[in-house]
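Have a look at the structure below, then the notes.
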Amino acid sequence: MFLTKPHGKFYKSIFSVSCRLHNETNLHNAGSMASLLKSRAVVRFSGPETIKFLQGLLTNDVRKFGEPVGEREKTFTLPTPNLPYESTSPVYAALLTPQGRFLYDLFLYSPPRPDKKLNWSGCGPASKGDGSVQVFADVDGLVLDELLQTFKKYRLRTKVEIENVAEEFSCWQRFGEKLCQASSSIKEPEAGAVGWGSRIDHSGVSASHGISDGWQWFKDPRLDCLGCRGIFPSGKTPPLVEADKGTGEENYVLWRLEKGVAEGSTEIPKGEAMPLEYNLSGLNAISFDKGCYVGQELIARTHHRGLIRKRLLPLRFFDDKGKELEQKVAPGSEVINVETGKKAGKVTTSLGCRGLGVLRLEEAFKISGILTVQGQDDVRVEAMRPQWWPAEWFQEHQ
């Protein structure tokens, strides 16, 4: 089974049965699902200069983790003994090379504050805590050691501790059509059923989102259609995850590929990928008004120029009769326009009959053009425009 260029045994094992699962499971009719993301790991940043340190390195603005929760950044719930009444929403960001190339992506979380939830008697706030600044990061586990070394290289004399806490915490994702279609008044369909009769027990809904440690689900900071994401203590089942609704990580990957979203330093080639070509600005990973960070110059110049000629697109592989082809296309394969003979781009990720590729939009969306894989004339390639794309991305090449 192809996925990406091999970067470890994990990718060879977890996706070995993905084609079978893809055929047996209709992801769009399966309701909400939850996956333990074994490919991800957790790093903890702590110390009085944590925010300053991350702010000067990452592509997104992280200052809110060191400030009182602002109105726009609050996630409100009713206070319960296991969940704060207000939480800071997570941030998706990236670390780049000085030349503006992608290195690592990070989902950043502020840990739950004890003084923002009730004590177990329900009559007052829990303990005040020590007031220390901590930020937890969900990162690509395949490059964990290298990532830690990189951040420590930048630390110098900054008062920040960088720790591998992958044994203590795990990363989870909830996804599915139900989560995409859930109303704003009930963030989780299953949580809406908590309580008696036809009325919603709002305190029950709040409690169902978190566990005793205060960790909870959040909307995925990239796109609503990706569902919810969270960090939870290892060995504990997150809230709203039932035994019969757990699914392998490969199904989350398939869901994400269909949406045209790459994740991690394998799918977004480390040291090579241009962040704007991989649509990181549309995934809320880049702030264009936060100030300086590593690699900012190229990002700002490309953004203000206003035209991105190549972008990451979701792909589907099939034969000349329209039958989907499994395991036929390897990452790195060239995609060409049959009519013009021009190279449209490259496949970057493939899983079963789905994939991702960075293609020239002019060639990918030519009305009269047919795309195929170089050296495999029997393979047709369909490049699709994701529904979440801003209209201006597509209109420039329509």
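Not a single donor-acceptor pair under 3.5 Å links the side chain of D138 to the backbone N or O of C171. With hydrogens and angles ignored, the 3.5 Å screen pairs a side-chain donor or acceptor of R256 with a backbone N or O of V261. Under a 3.5 Å cut-off, the side chain of D319 and the backbone N or O of G322 do form a donor-acceptor pair. Remark: the backbone N or O of G355 is not paired with any side-chain donor or acceptor of S350 at under 3.5 angstrom. Side-chain atoms of T158 do not come within 3.5 Å of backbone N or O of V160 as any donor-acceptor pair. Between the side chain of D105 and the backbone N or O of G264, at least one donor-acceptor pair lies under 3.5 Å. The backbone N or O of G341 lies less than 3.5 Å from no partner atom in the side chain of N337, so there is not a single donor-acceptor pair. Using modelled atom types, no side-chain atom of S35 and backbone atom of L37 make a donor-acceptor pair closer than 3.5 Å. Using modelled atom types, no side-chain atom of T247 and backbone atom of N251 make a donor-acceptor pair closer than 3.5 Å. For E267 (side chain) and E263 (main-chain N/O), a donor-acceptor pair under 3.5 Å exists by modelled atom type.
Between E258 and P314 the shortest side-chain heavy-atom distance does not fall below 4.5 Å. Taking the side chain as every heavy atom from C-beta outward, L359 and F365 never approach each other to under 4.5 Å. Annotation: side chain of E168 is not in contact with side chain of S234 (no heavy-atom distance under 4.5 Å). Using a 4.5 Å cut-off on side-chain heavy atoms (C-beta onward), V358 and M274 make no contact. In this structure the side chain of I308 reaches within 4.5 angstrom of the side chain of T302, judged on heavy atoms. A heavy-atom distance below 4.5 Å is found between the side chains of P275 and I299. Y278 places a side-chain heavy atom less than 4.5 Å from the side chain of P269. In this structure, the side chains of V373 and S333 come closer than 4.5 Å at one or more pairs of heavy atoms.
Of all heavy-atom pairs between L371 and A383, the closest is CD1-CB, 4.2 Å. Across all their heavy atoms, Q134 and S46 have their closest contact at CG-CB, 3.9 Å. The minimum heavy-atom distance linking A93 with L108 is given by the pair CB-CD1, 4.5 Å. Between T88 and S110, the shortest heavy-atom contact is CB-CB, 4.3 Å.
By the criterion of side-chain heavy atoms lying less than 4.5 angstrom apart, applied directly or through intervening Ile, Leu, Val, Met, Phe, Trp or Tyr residues, M384 is not grouped with L351; the two fall into different hydrophobic clusters. L58 and L298 end up in different hydrophobic clusters when Ile, Leu, Val, Met, Phe, Trp and Tyr side chains are linked at under 4.5 Å. Criterion: ILVMFWY side-chain heavy atoms under 4.5 Å apart, direct or through other members. Under it, V241 and L36 are part of a common hydrophobic cluster. By the rule that hydrophobic residues join a cluster once side-chain heavy atoms approach within less than 4.5 Å of another member, I336 and L361 end up as members of separate clusters.
D289 and S287 form a side-chain donor-acceptor contact under 3.5 Å, judged by distance and modelled atom types alone. There is a side-chain donor-acceptor pair under 3.5 Å between K64 and S89. Side-chain atoms of E249 and S39 form a donor-acceptor pair, as typed in the model, at a separation below 3.5 Å. Side chains of E146 and Y104: a donor on one and an acceptor on the other come within 3.5 Å.
Every residue two or more places apart in sequence or in another chain was checked for a ring-ring contact (aromatic ring centres under 6.0 Å, His included) with Y109, and none qualifies. The ring-ring contact (aromatic ring centres under 6.0 Å, His included) search around F102 returns none, not counting sequence neighbours. Listed by chain and number, the residues in a ring-ring contact (aromatic ring centres under 6.0 Å, His included) with F288 are H303 (sequence neighbours excluded).
Taking the six-membered ring where tryptophan is involved, the planes of W393 and W388 are perpendicular, since the angle between them exceeds 60° and thus also 30°. Ring geometry, F169 versus F136: the interplanar angle exceeds 60°, so the pair is classed perpendicular (tilted spans 30 to 60°).
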Steps toward side chain to side chain contact (heavy atoms under 4.5 Å, CB included) verdict (L95, Y293): CA-CA 9 Å; L95 179 67; Y293 57 86; over 6 Å; no
Under the salt bridge (Lys or Arg N to Asp or Glu O under 4.0 Å) criterion, do E297 and R301 qualify, and how do the steps go? CA-CA 6 Å; E297 183 179 351; R301 186 168 66 246; 3.6 Å; yes
Start with the C-alpha distance between F53 and Y154, add both sets of side-chain angles, then the distance that settles ring-ring contact (aromatic ring centres under 6.0 Å, His included), and finish with yes or no. CA-CA 9 Å; F53 175 71; Y154 280 115; 7.7 Å; no
Before you tell me yes or no, could you show the steps for K328 and D378 under salt bridge (Lys or Arg N to Asp or Glu O under 4.0 Å), namely the whole-Å CA-CA distance, both residues' side-chain angles and the distance that decides it to 0.1 Å? CA-CA 10 Å; K328 291 285 288 186; D378 58 329; 3.7 Å; yes
Give the intermediate values and the outcome of salt bridge (Lys or Arg N to Asp or Glu O under 4.0 Å) for residues R316 and E324. CA-CA 8 Å; R316 185 174 71 92; E324 293 183 334; 3.6 Å; yes
Given side chain to side chain contact (heavy atoms under 4.5 Å, CB included), test L356 with L315 step by step and report yes or no. CA-CA 5 Å; L356 297 172; L315 306 177; 5.7 Å; no
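Cation-pi check for R380 over F318 is not met; the charged atom does not lie both under 6.0 angstrom from the ring centroid and within 45 degrees of its normal. By the 6.0 Å and 45° rule, R229 stacks over the aromatic ring of F107.
Here NZ of K343 is found 4.0 Å from CD of E334. Values are rounded to the nearest 0.5 Å. Rounding to the nearest 0.5 Å places CD1 of I370 at 11.0 Å from OG1 of T340.
A salt bridge is defined here as a Lys NZ or Arg NE, NH1 or NH2 lying under 4.0 Å from an Asp or Glu carboxylate O, and R44 with E163 meets this definition.
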